[in-house]
2 protein chains.
Amino acid sequence: MIETEIFRALADPTRHAIFRKLAAGAMNASALRQGMAISQPAMSQHLAVLRRARLVREERQGRFVNYRIDPDGLALVARWLAKYRDYWPARIDALKTVLEDMD
Amino acid sequence: MIETEIFRALADPTRHAIFRKLAAGAMNASALRQGMAISQPAMSQHLAVLRRARLVREERQGRFVNYRIDPDGLALVARWLAKYRDYWPARIDALKTVLEDMD
DNA sequence: CCAATACATAAGTACATACTTATATGATTC
DNA sequence: GAATCATATAAGTATGTACTTATGTATTGG
């Protein structure tokens, strides 16, 4: 199940940090490493896991590979969440506000 | 970070199955085991992980411990998701519909 | 082409984790 | 209060996973 892969991908603090960093703006693998105390192969492996989970996308640009957030993964999390609407607390403020804005 | 614990908890297929089962209705640990090919200690340990992640709540009822979905965990996932609204695809239909109904 | 750069893959290792069996705790019934 | 039932915890083990170093592949510039 793809959702399991998504949750597994986000369960690792390092990968979660990479995801957050990409959310602040697309960048290549080298740029991602800046200030992260992580080896090049480790970064590459983490990005592969995030890719398989559809949380990020790659786009080759010459020698560089640019990474960006993949909306598919987020959409899958949203769908997962929607399945449990019966259990949502009365106010999920942040989310509600955001979705009102979407219209 | 609590979100990491939530994702970690849901990353395991067995725990995810337990969560889904509880979403269909609260029940005690023995009932949860029905049709799941899982030992009693394993179930107990999984429930402990789900509890720590705020995905389920326990309520002792005599000899039994009744488990139910904890809305807190879901709310935290919702808040996490809301942080990345910039990357949501134009239509997260399911979620949108659900939240419209909430009003 | 050849060297350099950016990234991916391979293979090995240390630690995390999901399981097991055994035992403890907590609650009910006789 | 002894036996029993429901669940939790302890301790050990096998597998998974996040890292390492070494090497491979793709792209560019000289």
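Below, chains carry the letters A, B, ... as their sequence lines are ordered, and counting in each starts from 1. Keep in mind that the numbers below use all heavy atoms, side chains included, and drop hydrogens, waters and symmetry copies.
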(request) Check salt bridge (Lys or Arg N to Asp or Glu O under 4.0 Å) between B:E3 and all other residues, then give those that pass, not counting sequence neighbours. (result) B:K83

(message) Can you measure A:H16 atom NE2 to D:dA18 atom C1' for me and round it to whole angstrom units?
(response) 17 Å

(request) Answer with base, sugar-phosphate or nothing: what part of the nucleic acid does A:R33 contact at a heavy-atom distance below 4.0 Å? (result) nothing

(message) For A:R52, is there an ion pair with A:E5 - N to carboxylate O distance below 4.0 angstrom?
(response) no

(message) Without decimals, in angstroms, what is the distance between B:I18 CD1 and C:dA18 P?
(response) 11 Å

(request) Check if the side chain of A:Q45 and the base of D:dT20 share a donor-acceptor pair of N or O atoms closer than 3.5 Å. (result) yes

(request) Please report, rounded to the nearest Å, how far the C1' atom of C:dT17 is from the CD1 atom of B:I38. (result) 14 Å

(message) Rounded to whole Å, please give me the gap between CG in B:L47 and C1' in C:dC19.
(response) 15 Å

(request) Return no unless some side-chain N or O of A:Y67 is found under 4.0 Å from OP1 or OP2 of C:dA6. (result) no

(request) Specify the residue among B:P41 and A:T14 whose closest nucleotide of DNA chain D lies further upstream toward the 5′ end. (result) B:P41

(request) Starting at atom NE2 of B:H46, determine the distance to atom P of C:dT20, rounded to an integer number of angstrom. (result) 9 Å

(message) I'd like to know if A:Q40 reaches the base of C:dA6 with its side chain such that a donor and an acceptor end up less than 3.5 angstrom apart.
(response) no

(message) Test of understanding: with side chain to side chain contact (heavy atoms under 4.5 Å, CB included), list the residues that count as partners of A:R20, not counting sequence neighbours.
(response) A:H16, A:A17, B:M1, B:Y84

(message) Is the phosphate of C:dT17 approached by B:R8 (side-chain N or O, under 4.0 Å from OP1 or OP2)?
(response) yes

(message) Side-chain N or O of A:R51 versus OP1/OP2 of C:dA8: is the shortest distance under 4.0 Å?
(response) yes

(request) Give a yes/no answer on whether the side chain of A:R15 brings an N or O atom under 4.0 Å of OP1 or OP2 in D:dA18. (result) yes

(request) Using the closest heavy atom to pick a nucleotide of DNA chain C for each, name whichever of A:R63 or A:M43 lands nearer the 5' end. (result) A:R63

(request) Check every strand shown and say whether A:Q61 touches a base, only sugar-phosphate, or nothing at a heavy-atom separation below 4.0 Å. (result) nothing

(request) Let me know, please, whether B:R60 or A:S44 comes out on the 5' side of the other along DNA chain C by nearest nucleotide. (result) A:S44

(request) Report yes if at least one side-chain N or O of B:S39 is closer than 4.0 Å to OP1 or OP2 of C:dA18; otherwise report no. (result) no

(request) Round to the nearest Å and state the distance from B:Q34 atom CD to D:dA6 atom P. (result) 10 Å

(message) For the backbone of A:L10 and the side chain of A:R8, can you confirm whether one donor and one acceptor N or O come within less than 3.5 Å of each other?
(response) no

(request) Compare all side-chain heavy atoms of B:I69 with those of B:L22 and state whether any distance is below 4.5 angstrom. (result) yes

(request) Check the distance between D:dA18's P and A:M36's CE and give it to me in whole angstrom. (result) 14 Å

(request) Give the rounded distance in Å between these two atoms: CD of B:E58 and C1' of C:dG26. (result) 12 Å

